[in-house]
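Inspection log for the structure reproduced underneath, given as structure tokens.
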Amino acid sequence: MLDLSVNLMKVRFLLPFVLLLIAAQTAPPIAITSPAPDSIISGEVTITGTTDVLGFTSSRLDFSYASNPRSPDALSGADTWFALQTSSQPVVDSPLATWNTTLISDGDYILRLRVFLTDGTSQEVTVPIKVQNDTPIVTPTFTPTSTPESIKGQIPTPFLVASSPTPTLTPRPTPTPLPTNPVSLDQNTIYSSIGRGALVIVGLFLFAGLILRFRRY
């Protein structure tokens, strides 16, 4: 029983170290995930990265000129890094800062992410980028076209316009008198027709009167 108790105590003592070792091996390293190395950026850029490492205390995001990341004063060794953002919370592939690149001149720069640890040490990662906000002005080149030494004028060939023939007037036909209408009646014929009609009517009245008289008897 004594040996078993001793072994359990050893396991309890070693377990935290084992867990710390596993966590250290599985924890992602610090990284700037965006922008990618050698990217050309402009305007406002969101910088993302990972700072969640074992022993994290704080992080800092800086930038510097690619040509001279340190001060010309070599004796002091002062950095020429310019701070963009500091944080006291670890993140995993999350926004670190928003950088307004219009406030600096175009050129090559370096982004640096530093993570400070509880043991007093630090880890860092750098990414080279290029800032380009001013669109280069492309001057169009004109290719001169060859012009002929002399331009010959073209004279139009004259042509004759044929005169149109004089129109001749066609005489109008002379109207001819219409033939006599054979159906036309003269005045005497009309009067005789009226008289005959009157006699017929009178005869009909007389005949009707005779018929009525005979019926009475």
Side-chain angles (χ1 to χ4, degrees), residues 7-146:
N7 292 333
L8 289 176
M9 292 181 62
K10 291 181 179 179
V11 171
R12 291 179 181 178
F13 180 78
L14 295 176
L15 184 59
F17 294 98
V18 173
L19 293 177
L20 289 175
L21 181 61
I22 295 173
Q25 291 178 351
T26 58
I30 66 170
I32 296 176
T33 56
S34 179
D38 299 322
S39 297
I40 299 176
I41 61 176
S42 61
E44 290 190 353
V45 180
T46 300
I47 303 172
T48 60
T50 298
T51 60
D52 189 9
V53 295
L54 185 64
F56 173 91
T57 57
S58 64
S59 64
R60 174 171 171 168
L61 181 66
D62 307 313
F63 77 94
S64 176
Y65 296 99
S67 59
N68 185 18
R70 284 189 173 274
S71 171
D73 187 1
L75 295 178
S76 63
D79 289 344
T80 57
W81 296 94
F82 304 96
L84 289 175
Q85 185 69 35
T86 58
S87 176
S88 59
Q89 297 296 327
V91 296
V92 176
D93 196 15
S94 298
L96 299 173
T98 300
W99 188 16
N100 186 3
T101 61
T102 60
L103 301 178
I104 61 175
S105 59
D106 291 354
D108 295 326
Y109 293 86
I110 296 177
L111 286 174
R112 183 183 67 175
L113 177 61
R114 300 182 70 186
V115 174
F116 301 94
L117 306 177
T118 54
D119 59 0
T121 62
S122 64
Q123 298 180 13
E124 68 177 49
V125 62
T126 58
V127 171
I129 49 93
K130 183 179 183 66
V131 174
Q132 183 174 332
N133 286 298
D134 296 331
T135 303
I137 301 175
V138 179
T139 304
T141 57
F142 298 96
T143 303
T145 57
S146 59

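The analysis underlying the following values was restricted to heavy atoms, covering all of them including side chains, and did not include hydrogens, waters or symmetry mates. Throughout, residue positions are numbered sequentially from 1 according to the sequence presented. Owing to the predicted nature of the structure, the values given are computational and were not obtained by experimental measurement.
Between Thr126 and Trp81, the shortest heavy-atom distance links the atoms CG2-CH2, 4.5 Å. When all heavy atoms of Gln85 and Ala97 are compared, the pair lying nearest together is CB-CB, 3.6 Å. Across all non-hydrogen atoms, the minimal contact from Thr51 to Ser59 is CG2-CB, 3.9 Å. Among all heavy-atom pairs drawn from Thr80 and Ser64, the shortest one is OG1-OG, 3.5 Å.
The side-chain heavy atoms of Leu117 and Val53, taken from C-beta on, include a pair separated by under 4.5 Å. Contact of the Arg114 side chain with the Ser122 side chain is registered, since non-hydrogen atoms from C-beta on lie closer than 4.5 Å. A heavy-atom distance below 4.5 Å is not found between the side chains of Thr50 and Ile30. Residues Leu96 and Leu84 form no side-chain contact, since every pair of their non-hydrogen atoms from C-beta on lies 4.5 Å or further apart. Considering only heavy atoms from C-beta on, Leu61 comes within 4.5 Å of Ile47 through its side chain.
Side chain of Ser67 to backbone of Tyr65: no donor-acceptor contact under 3.5 angstrom is found. Judged purely by atom type and a 3.5 angstrom limit, Thr102 has no side-chain atom pairing as donor or acceptor with the backbone of Gly43.
Residue pairs meeting the salt bridge (charged side-chain N to carboxylate O under 4.0 Å, His left out) criterion with at least one partner in residues 53-66, sequence neighbours excluded, are Arg60-Asp62, Asp62-Arg112.
Every side-chain hydrogen bond (donor to acceptor under 3.5 Å, both in side chains) that Thr121 has, sequence neighbours left out, goes to Asp119. Among residues two or more places apart in sequence or in another chain, the side chain to side chain contact (heavy atoms under 4.5 Å, CB included) test is passed with Leu103 by Asn100. Judged as a side chain to side chain contact (heavy atoms under 4.5 Å, CB included), and not counting sequence neighbours, the contacts of Val131 are Ile41, Trp99, Thr101, Ile104, Asp106, Tyr109, Ile129, Asn133. With sequence neighbours excluded, the residues that form a side-chain hydrogen bond (donor to acceptor under 3.5 Å, both in side chains) with Thr48 are Thr33. In this structure, Ser39 has no side-chain hydrogen bond (donor to acceptor under 3.5 Å, both in side chains) partners at least two apart in sequence or on a different chain.
One finds the CD atom of Gln89 at 7.0 Å from the CZ atom of Phe56 (value rounded to the nearest 0.5 Å).
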